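Structure first, then comments.
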Protein chains: 2
Amino acid sequence: MQTGTAPSTQLVRRVNATAMLKAMRGGGILTGTELMAATGLSRATVISICDELVRLGWLQELENQRGAGDYVKGRPARRFAFDDSAASVIGIDIGATKITAIVADMAGTPLSRVTTPFRTYNVPANERADVLDRIAADALEKAGVTADSVLAVSVGVAAPVSREGEVLRAQEFWKSFDVRRIVSERHGWHVLLENDANLAALAERWQGTAQGVDNLVVMLAGDRLGSGILESGRLLHGHVGGFGELGFLDTVDGVGDTYGIAHYAALWGREALVAGAETKMRALCGDDPQTLTAEMVFRAAADGDEAAGGVLDRMAHRMARVVGSISTLVNPELVVIAGAVAASAGSLIPAMEQQIPDFTFTPPRLATSTLGDGIVSLGAIRHALDYVEEHALDLYPASASHQMAAAGPA
Amino acid sequence: MQTGTAPSTQLVRRVNATAMLKAMRGGGILTGTELMAATGLSRATVISICDELVRLGWLQELENQRGAGDYVKGRPARRFAFDDSAASVIGIDIGATKITAIVADMAGTPLSRVTTPFRTYNVPANERADVLDRIAADALEKAGVTADSVLAVSVGVAAPVSREGEVLRAQEFWKSFDVRRIVSERHGWHVLLENDANLAALAERWQGTAQGVDNLVVMLAGDRLGSGILESGRLLHGHVGGFGELGFLDTVDGVGDTYGIAHYAALWGREALVAGAETKMRALCGDDPQTLTAEMVFRAAADGDEAAGGVLDRMAHRMARVVGSISTLVNPELVVIAGAVAASAGSLIPAMEQQIPDFTFTPPRLATSTLGDGIVSLGAIRHALDYVEEHALDLYPASASHQMAAAGPA
DNA sequence: CATTTAAATTTATGTACTAAATTTAGAGAG
DNA sequence: CTCTCTAAATTTAGTACATAAATTTAAATG
């Protein structure tokens with residue numbers, strides 16, 4: 001008698017295998033007994049799933065039994081470890097002036113990082129996919145990783161992106177051709193697209209100041225303001241990806257537009273120079289207001305300069321209004337300021353903290369990002385890893401590819 | 001040999017039983033064959049789960065076989081129907097001046113509705129739970145339903161409520177005692193608390209204009225503005241329930257505070273009267289500006305009155321700014337205006353639709369609610385039903401209570 | 001009353017788990 | 001070097017829950 005198995009029955013195996021994989025990912029080297037405790041499954045089940053995951057290429061069984069030396073009596077436990085090098089992912093940040101790509105293993109450890117200057121405007125359409133290709137190839141080579149070990153690529157762009165990966169306002173980089181499809185077809189990679197601020201939020205919760213924070217706003221506050229919002233640990237997108245857009249600041253008192261900290265620091269610093277203020281900023285920029293950068297203003301202020309300090313006071317007030325208005329509507333536990341100026345912006349926090357209660361009944365905690373320049377590409381890594389982890393049982397690590405044919409319908 | 005079964009094994013039965021229940025809830029009278037198509041399960045499984053759900057009290061098997069007459073040949077199919085009267089839920093809206101309670105069956109059909117005037121301010125603490133008790137008892141009696149058939153009660157309040165049901169700013173109704181616990185203990189009901197605008201959003205998506213809309217903003221726009229936000233079909237709460245609070249409007253140009261349509265319609269109407277305008281509003285309020293209501297202003301404007309029309313133009317502009325700023329950040333597909341003024345506010349929509357693109361790049365569709373006064377209590381019904389449906393397999397309908405003892409650990 | 005037919009039941013299998021009994025791989029004692 | 005001890009792996013038996021195919025069943029009808 002021929003019999004079959006319903007999808008619903010295989011669900012149990014899937015659920016348990018996923019739980020095992022999750023336990024192994026964070027757990028270093030684990031024995032069957034430890035996995036029983038971690039998953040609540042019986043030894044027979046744990047071992048059988050481990051064997052299967054080894055066969056699939058996600059786990060490695062270590063030869064070196066009894067390595068940890070926790071015990072010495074009894075039959076040595078089999079020791080399994082998640083194979084961090086089983087597969088890799090690529091995170092790409094397409095900024096206004098440069099592209100950054102990071103290749104990482106399954107542990108999220110960056111194996112290489114490549115940055116190329118690039119203007120997203122005015123680039124012939126047929127060159128664009130090639131640029132992506134080249135930087136990905138460079139990063140892979142530098143990482144010493146083959147293209148077929150890549151299971152997902154996540155790309156961050158400075159535009160709204162819907163849950164389905166459609167880019168709104170595609171007139172810039174994406175106009176008239178589908179990067180996703182092209183790159184995907186060339187290499188067989190799964191390509192994800194996401195908004196850059198959203199990726200920054202993922203990065204910040206993963207490795208930054210916001211670890212364990214489920215209701216989070218990350219502000220990219222460089223030249224322009226943008227925000228990524230996590231609620232209950234989920235990224236918010238809205239109807240067509242616009243969730244977190246800050247255009248409403250145009251009509252907010254004391255804010256007026258969406259220019260960021262870097263923009264106004266430089267602008268207001270220049271104004272002070274032109275007005276003839278006696279300030280350390282003058283020396284820093286060689287008395288040429290046009291070369292004054294935000295970073296110089298922060299440096300002068302840190303050095304006790306009064307004019308620069310005045311610029312930062314004004315900035316803190318402006319940002320308190322920005323963060324206050326967002327926090328009223330969104331009620332985050334924490335707001336992280338990220339982007340190019342994050343390293344300097346720490347000096348704004350005390351004044352902001354003091355003023356934010358004037359603008360919201362639910363003031364959030366404030367912090368600046370410590371993740372630096374790579375925050376978006378790091379978030380892209382996390383985004384790609386999320387995808388691979390969720391679909392691990394449907395994907396085949398390169399290390400297992402030679403066994404795929406042998407496995408067959410068995 | 002003693003054996004047991006892991007929770008993970010029972011998962012399959014749970015998943016399938018839940019799928020069956022869901023198929024039955026919407027499906028009217030269904031046969032085994034129809035359920036096989038709906039769930040993808042085999043006949044044996046479908047029938048076995050049906051038998052179990054009948055035993056639990058959620059389904060009824062109809063005596064009247066072959067009622068529909070779709071076919072006449074062959075063995076008559078057993079016919080099952082979800083028992084709408086298996087259990088009931090209560091939805092309560094605690095407003096500023098009155099409390100409304102609706103009792104509904106599992107189909108969501110209201111069986112009774114009771115409203116009591118009540119000021120939430122300045123009421124002795126010990127009276128508050130009693131008020132809730134009394135109105136619930138009234139509504140149950142009017143519905144002809146016993147208290148033990150109630151499986152969940154949802155209460156809407158005009159304050160932020162966290163995911164866990166904690167009320168922020170508890171100084172009003174909730175100060176110094178835990179309604180949830182008291183009501184729950186008295187009757188054994190599961191009591192849920194939620195923000196009123198959030199419940200309105202649930203109602204609007206359930207039975208209103210927003211059916212099928214997953215990214216939705218519902219504005220309660222009576223005397224004060226409040227909003228409930230659904231993203232991907234999920235209610236947003238933020239850290240302590242403040243998601244959707246509109247206090248930031250205080251600093252938005254041309255808005256300035258969170259007063260609602262009713263407030264400003266009456267206010268601006270009075271201003272016109274005091275300024276001596278020749279207007280039909282004068283007759284409607286008996287030449288006493290203090291008795292002028294928003295409703296009179298809308299009526300006069302509909303009647304072609306120029307001064308009242310001017311008030312509404314100003315209102316549309318103000319609301320366009322409100323909706324525009326929210327829509328930029330939240331990017332909903334649809335914004336529904338609800339609350340006491342919704343019935344009249346339809347006349348504001350065309351002007352708002354015209355102006356909103358000035359304030360957001362992602363203008364949503366606009367609509368007014370047709371659900372009227374009961375929108376919050378209706379949303380509370382939906383909220384309670386959501387809870388019961390999710391936990392159906394752990395709850396016992398009253399109709400099955402006599403079988404609970406007999407079932408035992410079997 | 002036999003035939004037809006669609007559905008319900010029954011029977012045989014298969015997957016995936018748990019629990020208990022048994023075996024096994026090393027460590028250490030005699 | 002063999003024996004004992006022990007913790008883990010493996011094997012065996014049993015349970016839950018599903019499918020598929022064979023069989024039975026309950027009307028409708030010629």
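Residue numbers start from 1 in every chain, and the chains themselves are labelled A, B, ... in the order their sequence lines are given, proteins ahead of strands. These figures come from a predicted structure and were not determined experimentally.
Ion pairing between B:Glu185 and B:Arg180 fails under the 4.0 Å rule for side-chain N and carboxylate O. B:Glu390 has no carboxylate O lying under 4.0 Å from a charged side-chain N of B:Lys22, or vice versa, which leaves the two without a salt bridge.
The side chain of B:Arg13 contributes an N or O atom lying less than 4.0 Å from OP1 or OP2 of D:dA18. In terms of phosphate contacts, A:Ser48 brings no side-chain nitrogen or oxygen within less than 4.0 Å of OP1 or OP2 of C:dA16. Close to D:dA7, at under 4.0 Å from its OP1 or OP2, lies no side-chain N or O of A:Thr33. Between A:Ser42 and C:dA19 there is no side-chain polar atom (N or O) within less than 4.0 angstrom of OP1 or OP2.
Following rounding to the nearest Å, B:Asp51 (CG) and D:dA18 (P) show an atom-to-atom distance of 13 Å. Residue A:Met36 contributes atom CE, which lies 12 Å from atom P of C:dA20 at whole-angstrom precision. One atom, CG of B:Leu11, and another, P of D:dA18, lie 11 Å apart when rounded to the nearest Å. At whole-Å resolution of the value, CZ in A:Arg14 and C1' in D:dA18 are 18 Å apart. One atom, CZ of B:Arg79, and another, P of D:dA26, lie 18 Å apart when rounded to the nearest Å. If you take CD of A:Glu34 and P of D:dA7, they are 14 Å apart, rounded to a whole angstrom. With rounding to whole Å, A:Ile47 atom CD1 is found 4 Å from D:dA9 atom P. Separating the CG atom of A:Leu41 from the P atom of C:dT15 is a distance of 19 Å, rounded to the nearest angstrom.
Under the 3.5 Å distance criterion, with hydrogens and angles disregarded, no donor-acceptor pair is assigned to the side chains of B:Thr33 and B:Arg78. Side-chain contact annotation: A:Ser48 with A:Thr45, donor-acceptor N/O pair under 3.5 Å absent.
Nearest nucleotide to the B:Arg43 side chain, out of C:dA7, D:dA20, D:dA9: C:dA7. Across D:dT11, D:dA27, C:dA8, the shortest atom-to-atom separation from the side chain of A:Ala44 is found for D:dT11. Side-chain proximity of B:Pro76 to the nucleotides D:dA27, C:dT18, D:dA9 is greatest for D:dA27.
By the side-chain hydrogen bond (donor to acceptor under 3.5 Å, both in side chains) test, A:Asp214 pairs with A:Arg205, sequence neighbours left out. Not counting sequence neighbours, the partners of A:Glu389 by the side-chain hydrogen bond (donor to acceptor under 3.5 Å, both in side chains) test are A:Arg25, A:Arg382. Residues satisfying the ring pair (Phe, Tyr, Trp, His ring centres under 6.0 Å) criterion with A:Phe82, sequence neighbours excluded, are absent altogether. Judged as a side-chain hydrogen bond (donor to acceptor under 3.5 Å, both in side chains), and not counting sequence neighbours, B:Gln207 has no contacts.
Between B:Tyr387 and B:His383, the gap from one ring centroid to the other reaches at least 6.0 Å.
Scanning residues 16-24 of chain A for heavy-atom distances under 4.0 Å to DNA chain C yields A:Asn16.
Counting heavy atoms from C-beta outward, B:Val54 and B:Phe80 have side chains that approach closer than 4.5 Å.
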Please list, pair by pair, any protein nitrogen or oxygen found under 3.5 Å from a nitrogen or oxygen in nucleotides 23-25 of chain D.
from   : atom 1 : to      : atom 2 : distance (Å)
D:dT25 : O4'    : B:Arg75 : NH1    : 3.4

